[in-house]
Amino acid sequence: MKRMVQLMVACVAVLAVTTGQLRADIIPYGLQSDVTQATVDSWGWTEIHRSGATSTDSEAAIVAAATGDYLFMGVWNTQEQVYKILGGGETNAVTAITYQDFTGDDNGNYNPNWSNGLNFYRTATHGSWGFTTNSVTNLDSADEFLANGLQSAHGNVEGTLSKGLSFRTMSGNLTSGWAYNVTGNTMTGLLLDDYQQRVFFTANAAVVPEPSTYAGLLGITCVSLLAYGVRRKRQQAA
């Protein structure tokens, strides 16, 4: 009897730990807009950076803190209390240097860097760090193709409206600016808007069974162990 009680206690403990811990973070696909803090909290992400849109902040510090499988970047509006735009991809894609500076993609010299439905770009020196839904960019200090409507510059023609986010960078730092656009026709600048904050999150997306799956398997195992214990006890008593 004592042995059976011990087995039951062990099974309950394992089930409690499994259902409480074995859950990967939620990774939404593509561009997200007007997302509440409660929703982000429910996704399980870890915030690693938050700063006003006009401050100067080290890119290296953000990259070093991005220890998860995925890295998300976005803009929090303190007045509306929502993330006006969010987008993320695999950390190695989001942090990759795709151009030396803002002239790197002139004359159609594109370096597509897609992850999780978004095309990420980042310059080593003067330029920008961000993402777009388009396969083409125009990094004239920032992604000028995020301007409203179809654009044409440096011999590049925008075929479809660009949606996305662009933070201005200079000498390894995020600096004041630039803008985001969630529809292709609603560009919002970040030049002097400290009520808008740049935010980065890290997240993990390990492929693990859902807690319910583990719970089911462990439940079957526990029942089997208990049944074996009962049968063995009866055999010993016979």
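What's counted below: heavy atoms across the whole structure, side chains too, no hydrogens, waters or symmetry copies.
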Within the 3.5 Å criterion, strictly below it, is a donor on D105 or T137 matched to an acceptor on the partner's side chain?
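Yes, side-chain donor-acceptor contact under 3.5 Å.
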I'd like to know if the side chain of N134 pairs up with that of T132 as donor and acceptor (distance under 3.5 Å, no hydrogens or angles considered).
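Absent: no donor and acceptor within the cut-off.
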Given N181, which partner from the list T188, N148, D143 fulfils the side-chain hydrogen bond (donor to acceptor under 3.5 Å, both in side chains) test?
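So the option named by the test is N148.
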Does some side-chain heavy atom of [Y] sit less than 4.5 Å from a side-chain heavy atom of [X]?
X	Y	value
N119	N113	yes
T78	Q196	no
F72	P28	yes
L71	F200	yes

Interatomic spacing from [atom1] in [X] to [atom2] in [Y] - rounded to 0.5 Å:
X	Y	atom1	atom2	value
T95	I62	OG1	CD1	11.0 Å
M170	T125	CE	OG1	8.5 Å
W45	I27	CH2	CD1	7.0 Å
T123	E59	OG1	CD	7.0 Å
N109	L139	CG	CG	11.5 Å
E47	T202	CD	OG1	12.0 Å

Heavy-atom closest contact ([X] atom, [Y] atom, distance):
X	Y	value
E144	D140	OE2-O, 3.2 Å
Y121	T98	CA-OG1, 3.4 Å
P112	S135	CG-O, 4.4 Å
R198	T175	NH1-O, 3.0 Å
S152	F145	N-CE1, 4.3 Å

Under the side chain to side chain donor-acceptor pair (under 3.5 Å) criterion, do S51 and D57 qualify, and how do the steps go?
CA-CA 8 Å; S51 62; D57 300 280; 3.0 Å; yes
Please tell me whether [X] and [Y] are part of a single hydrophobic cluster in this structure, the criterion being side-chain heavy atoms less than 4.5 Å apart.
X	Y	answer
V182	M73	yes
L118	F167	yes
W76	W178	no
L146	L31	no
Y110	L161	no

Apply side chain to side chain donor-acceptor pair (under 3.5 Å) to D101 and T103, showing your working.
CA-CA 5 Å; D101 58 27; T103 66; 2.5 Å; yes
Proximity of Y70 and W43 rings by center, below 6.0 Å
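Judged by ring-centre distance (under 6.0 Å), Y70 and W43 do not meet the cut-off.
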Quick check, are the ring centers of F201 and Y83 under 6.0 angstrom apart?
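Close enough - the centres of the two rings lie under 6.0 Å apart.
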Looking at [X] and [Y], would you say the former's side chain and the latter's main chain have a donor-acceptor pair under 3.5 Å?
X	Y	result
N173	T56	no
D25	N204	yes
S128	R168	no

Set out, in order, the CA-CA distance, both residues' side-chain angles and the distance that settles side chain to side chain contact (heavy atoms under 4.5 Å, CB included) for Q197 and V75, then state yes or no.
CA-CA 5 Å; Q197 300 173 336; V75 174; over 6 Å; no
Assign the ring pair F102 / H126 to parallel, tilted or perpendicular, where the plane angle (0 to 90°) is split at 30° and 60°.
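Perpendicular: the ring planes of F102 and H126 meet at over 60°.
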